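Here is the structure we will look at, set down as structure tokens.
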Amino acid sequence: MNKITNEEPSQYDLATIQAATNNFSGQNKLGEGGFGEVFQGRLPNGQDIAVKRLSRSSRQGAEEFKNEITLVAKLQHRNLVRLLGYCLEGEEKLLVFEFLPHKSLDYFLYDTKKNMQLDWLKRYRIACGIARGMHYLHEDSRLRIIHRDLKASNILLDNDWNPKISDFGMARIFGVDQTHASTNKIAGTLGYMPPEYVRSGKFSVKSDVYSFGILLLEIIAGKKNDHFCQSDGGKDLASYVSCLYYCH
């Protein structure tokens, strides 16, 4: 925990978080991912928060917890979600983030009624904001960060529809002169991972660029990549767009 405390995010006690989230009430639940659940809460000072509660049984969740808190505490950019603090008490591993009222991009993008709120100007601004956040991670931050899980559900939206990249549990730090790396443990979401990463475990900043490309196609089409596959004879969204480009 020395690396965590040196970055000085706030440390909350469990009782405070329980009170803020009504003891992790189902009514406060915002969503659920591969490593745990997210709850809305309100601190005694009136500040709204989002609490990421890591699964107690998942060893991977513990690794993600340490990885995310050490990374996000060092990153500051208007298009990255802001970490307020953490709680590590008993078996509980909690991350406390700023609360973003418009939830995540997928909440609007894939819903045929809600996506009417995303006009072309909003979609353009969201895409540009994500690109700025990725450029910061790859080129302008103190660390070179490869996110490795860029997708619509990991893009949060504030009151003004500004996008903020979240969920750095799978992210990796690169050295200043490092251009690529490899792993035996493939992490990410199928459909957003580049073919060479799936085949051989090799990844780089270009892996995030590929994921951003798929996300950009989803923003334009308003359809999820894997849902598109199911409705178009097994073609993924990228293949479909490629065919349209070259065949017409």
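Computed from a prediction, not measured in an experiment: that's the story for all the values here.
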Between [atom1] on residue [X] and [atom2] on residue [Y], distance to nearest 0.5 Å:
| X | Y | atom1 | atom2 | result |
| --- | --- | --- | --- | --- |
| Arg148 | Asp167 | CZ | CG | 12.0 Å |
| Ile155 | Ser104 | CD1 | OG | 9.5 Å |
| Ser211 | Met134 | OG | CE | 7.5 Å |
| Leu150 | Phe212 | CG | CZ | 8.0 Å |
| Arg123 | Leu216 | CZ | CG | 11.5 Å |
| Leu156 | Asn79 | CG | CG | 11.5 Å |

Partner residues of Asn28 under the side chain to side chain donor-acceptor pair (under 3.5 Å) criterion, sequence neighbours left out |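 Side chain to side chain donor-acceptor pair (under 3.5 Å) list for Asn28, sorted by chain: empty.
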
Residues which pass side chain to side chain donor-acceptor pair (under 3.5 Å) with Thr189, listed by chain and number, not counting sequence neighbours |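 Once residues adjacent in sequence are excluded, the partners of Thr189 under the side chain to side chain donor-acceptor pair (under 3.5 Å) criterion are Asp149, Lys151.
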
Quick one: list whatever passes salt bridge (Lys or Arg N to Asp or Glu O under 4.0 Å) with [X], sequence neighbours left out.
| X | value |
| --- | --- |
| Asp208 | none |
| Arg53 | Glu92 |
| Lys103 | none |

When you group the ILVMFWY residues by side-chain heavy-atom contacts below 4.5 Å and let the links chain together, are [Y] and [X] in the same group?
| X | Y | value |
| --- | --- | --- |
| Ile220 | Ile126 | yes |
| Met116 | Ile219 | no |
| Ile214 | Leu105 | yes |
| Tyr110 | Leu100 | yes |
| Ile17 | Val72 | no |

Do [X] and [Y] make a side-chain contact, defined as non-hydrogen atoms from C-beta onward lying under 4.5 Å apart?
| X | Y | result |
| --- | --- | --- |
| Ile49 | Val51 | yes |
| Ile165 | Asn154 | no |
| Ile69 | Leu83 | yes |
| Arg78 | Arg132 | yes |
| Thr21 | Gln40 | no |
| Leu137 | Val205 | no |
| Lys223 | Glu218 | no |
| Tyr107 | Leu157 | no |

Could you note down all residue pairs passing side chain to side chain donor-acceptor pair (under 3.5 Å) where residues 156-166 supplies at least one of them, sequence neighbours left out?
->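 For residues 156-166, and leaving out neighbouring residues, the side chain to side chain donor-acceptor pair (under 3.5 Å) pairs sorted by first residue read Asp158-Asn162.
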
Closest heavy-atom contact between Ala152 and Leu109?
-> CB-CD2, 4.5 Å

What salt bridge (charged side-chain N to carboxylate O under 4.0 Å, His left out) pairs are there with at least one residue in [range], not counting sequence neighbours?
| range | answer |
| --- | --- |
| residues 42-51 | Arg42-Asp48 |
| residues 10-30 | Lys29-Glu32, Lys29-Glu37 |
| residues 108-122 | Asp111-Lys114, Asp119-Lys122 |

Show the numbers, then the answer: is there a side chain to side chain contact (heavy atoms under 4.5 Å, CB included) between Ile130 and Leu215?
-> CA-CA 10 Å; Ile130 298 169; Leu215 179 55; 3.8 Å; yes

Any donor-acceptor N/O pair, [X] side chain to [Y] backbone, under 3.5 Å:
| X | Y | answer |
| --- | --- | --- |
| Ser207 | Ser204 | yes |
| Asn225 | Leu237 | yes |
| Glu98 | Arg82 | yes |

Does the pair Glu139/Arg144 count as a salt bridge with the N-to-O cut at 4.0 Å?
->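 The answer is yes: the pair qualifies as a salt bridge.
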
Do we see a donor-acceptor contact under 3.5 Å between the side chains of Tyr12 and Glu89?
-> no

Pair Tyr210, Glu196: side-chain N/O donor-acceptor within cut-off below 3.5 Å | no

So which residues get pulled into Tyr124's cluster when ILVMFWY side chains under 4.5 Å apart are joined, directly or through others?
->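 Result for Tyr124 is none, singleton.
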
ring-ring contact (aromatic ring centres under 6.0 Å, His included) partners of residues 13-32, not counting sequence neighbours, each pair once = Phe24-Phe39

Could you note down all residue pairs passing ring-ring contact (aromatic ring centres under 6.0 Å, His included) where residues 131-150 supplies at least one of them, sequence neighbours left out?
-> His77-Tyr136, His147-Phe168

Enclosure of Gln76 CD (heavy-atom neighbours >12, cutoff 6.0 Å) | no

Before giving the answer on side chain to side chain contact (heavy atoms under 4.5 Å, CB included), spell out for Leu43 and Val96 the whole-Å C-alpha distance, their side-chain angles and the decisive distance to 0.1 Å.
-> CA-CA 11 Å; Leu43 295 174; Val96 181; 5.5 Å; no

